Amino acid sequence: MKKITLSFIVLLIGTMPLYGQSKNIASVDQLLIKMSFSGAVLIADSSGILLSKGYGYADRANKIKNTPATRFSMSSASKVFTGTAITYLAQQGKLKFTDTLGQYIKGFPSGITIHQMLTHSAGLDDFFNAKDFSYNKVRNCIDMLTFMRSLPSVYPPGDSCIYSTGDCIVLGAIIEKITGMSFQNYIKTTFIDPLGLTNTSFTPYWALDDTQRKYAIGYRKNDEAIPYNYDNGSIPLSAGGAWSSVEDIYKFDKAVFSGKVVHGKYLSQMMTKHTSAWEGSHFGYIWIINDKSIGHSGDSSGWHAMNNYYPRQGYTIILLTNSGGVDLYELGGRVEALLF
């Protein structure tokens, strides 16, 4: 009788953390249901996926539901592909972080290094500030250089760190110069296909049509649907053009943080705080690091994305929405509070 009682107590103690964890996950699920969240969420810890679920509709008019496989615009959260790709090329010996921009591309201020571009400290402005910029005039990163060269430096290279999409566009052009491939095709052959990211692509929104049900239609803050011919949507380039699902982003994160993609000193360099604080965080090699997490977020008119890994807790939280009215930063904080 004593053995049975002891075994029961050991079993009960052993299941208590799991029960608490399940209760927290259920609380997150209920929060998203109660707020009529439209999107998808994936939460995982070291044991695996704890919650992977779609909420609301990818297409409200046709009642097509969001699922964990639905593709959402990642916007700037796509930038982690760029930072990881550059680090991967360095690991292969095809470039050095100390290399200057001028070794690959002409027409920019001298002295800018790849390290500075990876850490948003090169002083390059955002491409959409260029005169006469239009998404219709570009199809790859190299096409963007005409607009980038027309912009004055925001500050001397290395003097500051200010988040800039321009840095990532030029990094994409460097990838194209070194590999002889478009940025999109390089990411596909290097990461998307080998890692089995079957719901990830760099298809521009304006190239879609209403037969492509894998993609979540974006809805503005006023709930207006963004039409498929929307020409100011995500451009399929290195600054923010990926479409992906919570399941695929989790696969990519696992591969990165386990050292499967880049490893050793290269992984360490990519995930190190290289800059002074910018809005409460620091820049690694494109990846954004704060005291709680490592990841990247993205915002556009009808889609928002948040992809964070929490080393201390061993958690991954990925939130994707096709509702422009959702504040993912506020929601992410609420989810963190429920889980931790």
Side-chain angles (χ1 to χ4, degrees), residues 7-60 63-74 77 197-200 214 216-219 223 244-258 290-299 303-340:
S7 298
F8 175 75
I9 291 171
V10 170
L11 177 63
L12 180 63
I13 292 172
T15 58
M16 282 176 69
L18 182 61
Y19 169 76
Q21 184 185 66
S22 299
K23 187 176 179 181
N24 292 344
I25 293 296
S27 297
V28 172
D29 183 41
Q30 287 303 306
L31 167 66
L32 297 174
I33 292 171
K34 187 175 181 180
M35 66 178 284
S36 298
F37 179 69
S38 180
V41 61
L42 188 145
I43 298 172
D45 67 4
S46 57
S47 68
I49 295 173
L50 306 174
L51 177 65
S52 182
K53 185 177 177 180
Y55 301 80
Y57 292 100
D59 182 337
R60 298 178 190 175
K63 304 298 182 185
I64 299 171
K65 293 184 177 180
N66 283 317
T67 74
T70 300
R71 301 182 189 194
F72 296 82
S73 171
M74 298 299 295
L197 308 184
T198 55
N199 290 306
T200 301
K214 292 180 180 179
I217 292 174
Y219 295 87
D223 284 344
S244 194
S245 67
V246 291
E247 292 179 334
D248 273 11
I249 293 301
Y250 176 59
K251 287 180 188 177
F252 182 70
D253 286 353
K254 277 185 68 177
V256 168
F257 288 103
S258 67
N290 59 41
D291 293 337
K292 296 185 296 183
S293 64
I294 303 170
H296 213 295
S297 59
D299 297 292
W303 304 266
H304 303 301
M306 181 172 288
N307 172 31
N308 284 335
Y309 172 62
Y310 300 79
R312 192 177 304 160
Q313 293 88 358
Y315 269 78
T316 297
I317 301 175
I318 302 164
L319 291 164
L320 306 179
T321 179
N322 59 326
S323 173
V326 174
D327 183 342
L328 272 194
Y329 300 98
E330 189 270 339
L331 177 58
R334 294 176 70 181
V335 171
E336 289 173 7
L338 288 172
L339 290 176
F340 309 145

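Residues take their numbers from the sequence shown, with the count starting at 1. The model shown is predicted, which means the values in this text are computed figures rather than measured ones.
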What distance do [X] atom [atom1] and [Y] atom [atom2] have between them, rounded to the nearest 0.5 Å?
| X | Y | atom1 | atom2 | result |
| --- | --- | --- | --- | --- |
| His296 | Asn308 | NE2 | CG | 10.5 Å |
| Asn307 | Ile318 | CG | CD1 | 5.0 Å |
| Leu51 | Asn24 | CG | CG | 12.0 Å |
| Ile25 | Ile43 | CD1 | CD1 | 4.0 Å |
| Ile64 | Lys214 | CD1 | NZ | 13.0 Å |
| Trp303 | Thr321 | CH2 | OG1 | 11.0 Å |

- Query: Should the pair Phe340 and Tyr315 be assigned to parallel (<30°), tilted (30 to 60°) or perpendicular (>60°) ring geometry?
  - Reply: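 The rings of Phe340 and Tyr315 stand perpendicular, inter-plane angle above 60°.
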Heavy-atom check, side chain of [X] versus side chain of [Y], under 4.5 Å:
| X | Y | answer |
| --- | --- | --- |
| Leu320 | Leu328 | no |
| Pro311 | Ile294 | yes |
| Leu31 | Val28 | no |
| Tyr250 | Leu42 | yes |

Does [X] have any salt bridge (Lys or Arg N to Asp or Glu O under 4.0 Å) partners at least two apart in sequence or in another chain, and if so, which?
| X | value |
| --- | --- |
| Asp223 | Arg60 |
| Asp299 | none |
| Glu247 | none |

Residue pair [X] / [Y]: nearest heavy atoms and the distance that separates them:
| X | Y | answer |
| --- | --- | --- |
| Thr70 | Ala58 | CG2-CB, 4.1 Å |
| Tyr309 | Gly314 | CE1-C, 4.2 Å |
| Ala305 | Ala77 | CB-CB, 4.0 Å |

Under 3.5 Å, is there a donor-acceptor pair between the side chain of [X] and the main chain of [Y]?
| X | Y | result |
| --- | --- | --- |
| Asp248 | Asn199 | yes |
| Asn66 | Tyr55 | yes |
| His304 | Gly324 | yes |
| Asn322 | Tyr57 | yes |

- In terms of side-chain heavy atoms, does Ser38 have a donor or acceptor partner in Tyr219 at a distance below 3.5 Å?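 Side chains of Ser38 and Tyr219: no pair found under 3.5 Å.
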- Task: Carefully, step by step, assess Ile249 and Met74 under the rule side chain to side chain contact (heavy atoms under 4.5 Å, CB included).
- Result: CA-CA 10 Å; Ile249 293 301; Met74 298 299 295; 3.7 Å; yes
- Query: Do other residues, nucleotides or ligands put more than 12 heavy atoms under 6.0 Å from Lys53 NZ?
  - Reply: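 Yes, because the 6.0 Å sphere around NZ of Lys53 holds more than 12 heavy atoms from other groups.
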- Dump the intermediate steps for side chain to side chain contact (heavy atoms under 4.5 Å, CB included) on Leu331 and Met35, then the final yes or no. CA-CA 10 Å; Leu331 177 58; Met35 66 178 284; 3.7 Å; yes
- Item | Check against side chain to side chain contact (heavy atoms under 4.5 Å, CB included), Val41 and Val335 | CA-CA 11 Å; Val41 61; Val335 171; over 6 Å; no
